[in-house]
Amino acid sequence: MTDFIEKNGPSSEQMLARDLNVLWHPCSQMKDHENLPLTAIKSAKGAWLEDFDGNRYLDAISSWWVNIFGHTNPRINQAVKNQIDQLEHVILAGFSHEPAIHLAEKLVEITPDGLSKCFYADNGSSAVEVALKMSFHYWRNLGQRQKTRFISLNNGYHGETLGTLALGDVALYKETYAPLLMECLTVKSPDCYHRAEGQSWQDYSRQMIEPMRQTLEQHHHEVCAVFFEPLVQCAGNMRMYHPIYLTLLRELCDEYNVHLIADEIAVGFGRTGTLFACEQGNITPDFMCLSKGLTGGYLPLSAVLTTQQVYDAFYDDYENLTAFLHSHSYTGNPLACAAALETISIFETDNIIEKNKPKSQLIANLSQELVDHPHVAEVRQTGMITAIELCKNKTTKKAYPWQERRGLRVYQHGLKNEVLLRPLGDVVYFMPPYVISEDEIELMVNVAKQGIHLATQ
Ligand SMILES: *Cc1c(COP(=O)(O)O)cnc(C)c1O
């Protein structure tokens, strides 16, 4: 018996029993797992995950949008291995190290012009909190103490900590904790799902700058910053809008003297077809938050890029108490920085942004047939993000009752057929690692199509 286990390793069943005994999983109703077994992954390679029974799953969601160049990527593996024998971690206050310096140089170089300072944290929510505090503190250092509020878009998402939940507007995550949260000003999003029939994305998104103008006009004196997710509201059901909104929003923030904070945590690193989504509106935000794809999906790390102007407002004699005294234990971890540097290097050496174009086109072509499906309200795409929104009634776009959990059926169908899809409610989406091949794209879209047919019967 012992021999058998040693040769073959534990089975999925054994792993799951141990798991449920001690683990509480994120974003999960644990009771679901009475009927819906967890999947314990033993190893992974490229776009594929493998469980303890040898079943394989194509990772169509990049393991929650973090993976960029596949699992156990040889180049990133090697970079982390090299770094680990050199320096695993060191305090970043009063001390520094080469990977943190080199990565900051790189990030300043590749992000929009004008972003010249890099502040590290260790996850996306923390980066948003950093930007939030920095913006508030900037105005305070300038003597503008009346500026204490923030504007964000409806259906937005910025993380799970109290500050970021307050900025977000996804009811499922936020409502329970509402009594604990600061009050933000919520402005209607340019999300083109709501455009009139026949109206162009550009037209609708342009029109939706008006509610922002009104809110800014009324509140600018007390507002520090506008937070937004450029081009795609990912956790908000992959809702999308036109780049014109970025340009108009930048103009408005300049006009009313408030910061513009771009949360590129999900959309950064090529997801929208450009390295950063802000490029498509030709804008430089006052703060840009990066995480998720930053390390290629290897290690937790985040960065807030900002301007010399913001930096200078904190730069003073210590006694004046203007310093930004914020820190996280693993800030700027060298292993994570090494993974990030190699990730950026792959973008450069392998011409990834160009190579993704035919892949994104293939996903669009293969998904096209769903446009006419009687229970598909919309098929939309921005770069390497494609979403298929299911509905009960195609004409009115009326949603299915959420209790029916139609998307969950697509998820289950996917797992039985070698594809990890993880719909957001009833929105099925593809956000694959860029190493995905044409054959794998075909498998991914075909399994999703079958799953959608089954789930909408
Ligand atoms: C995931 C996400 C965050 C939060 O990042 P975590 O690392 O999960 O804390 C913030 N903003 C956006 C747009 C995200 O998609």
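Worth saying up front: this structure is predicted, and the values here are computed from it rather than measured. When a ligand or atom number is given, it counts from 1 through the structure's own listing order.
Each of T349, T343, V80 was checked for a side-chain contact (heavy atoms from CB on, under 4.5 Å) with R75, and the lone residue meeting it is T349. The only member of K397, R239, H375 that meets side chain to side chain donor-acceptor pair (under 3.5 Å) when paired with E389 is R239.
Within ligand 1, counting atoms from 1 as listed, the ones closer than 4.0 Å to a heavy atom of A266 are 15 (O). Listed by atom number, the atoms of ligand 1 under 4.0 Å from D263 heavy atoms are 10 (C), 11 (N), 12 (C), 13 (C). For ligand 1, the atoms lying closer than 4.0 Å to a non-hydrogen atom of G159 are 4 (C), 10 (C). Distances below 4.0 Å separate heavy atoms of H158 from the following atoms of ligand 1: 10 (C), 11 (N). Near W65, with a cut-off below 4.0 Å to any heavy atom, the atoms of ligand 1 are 15 (O). Per-residue contacts place N123 under 4.0 angstrom from the following atoms of ligand 1 (heavy atoms of the residue considered): 7 (O), 9 (O).
Ring-plane geometry between Y330 and H89 is classed as tilted, the angle between the planes lying from 30 to 60 degrees on a 0 to 90 degree scale. Relative orientation of the F119 and H326 rings is perpendicular, given thresholds of 30° and 60° on the angle between their planes.
By the 4.0 Å heavy-atom criterion, W64 is excluded from the residues contacting ligand 1.
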Enumerate donor-acceptor pairs with a distance under 3.5 Å from any side-chain N or O in residues 43-50 to protein atoms, sequence neighbours excluded.
residue, atom, partner, partner atom, Å
K45, NZ, T72, O, 3.1
W48, NE1, E440, OE2, 2.9

* To do: Could you check Q199 against Q207 for side chain to side chain donor-acceptor pair (under 3.5 Å), going step by step and ending with a plain yes or no?
  => CA-CA 11 Å; Q199 190 176 22; Q207 182 185 319; 2.7 Å; yes
TODO: Using the ring pair (Phe, Tyr, Trp, His ring centres under 6.0 Å) rule, take F347 and F69 through it: C-alpha gap first, then chi angles, then the decisive distance, then the call.
DONE: CA-CA 9 Å; F347 271 103; F69 296 128; 5.0 Å; yes
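Any N or O atom pair closer than 3.5 Å counts here, and K292 shares at least one such pair with ligand 1.
At the top of the distance list for atom 9 (O) of ligand 1, counting protein heavy atoms only, stands S125 OG, 2.6 Å. The protein non-hydrogen atom at the shortest distance from atom 7 (O) of ligand 1 is G124 N, 2.8 Å.
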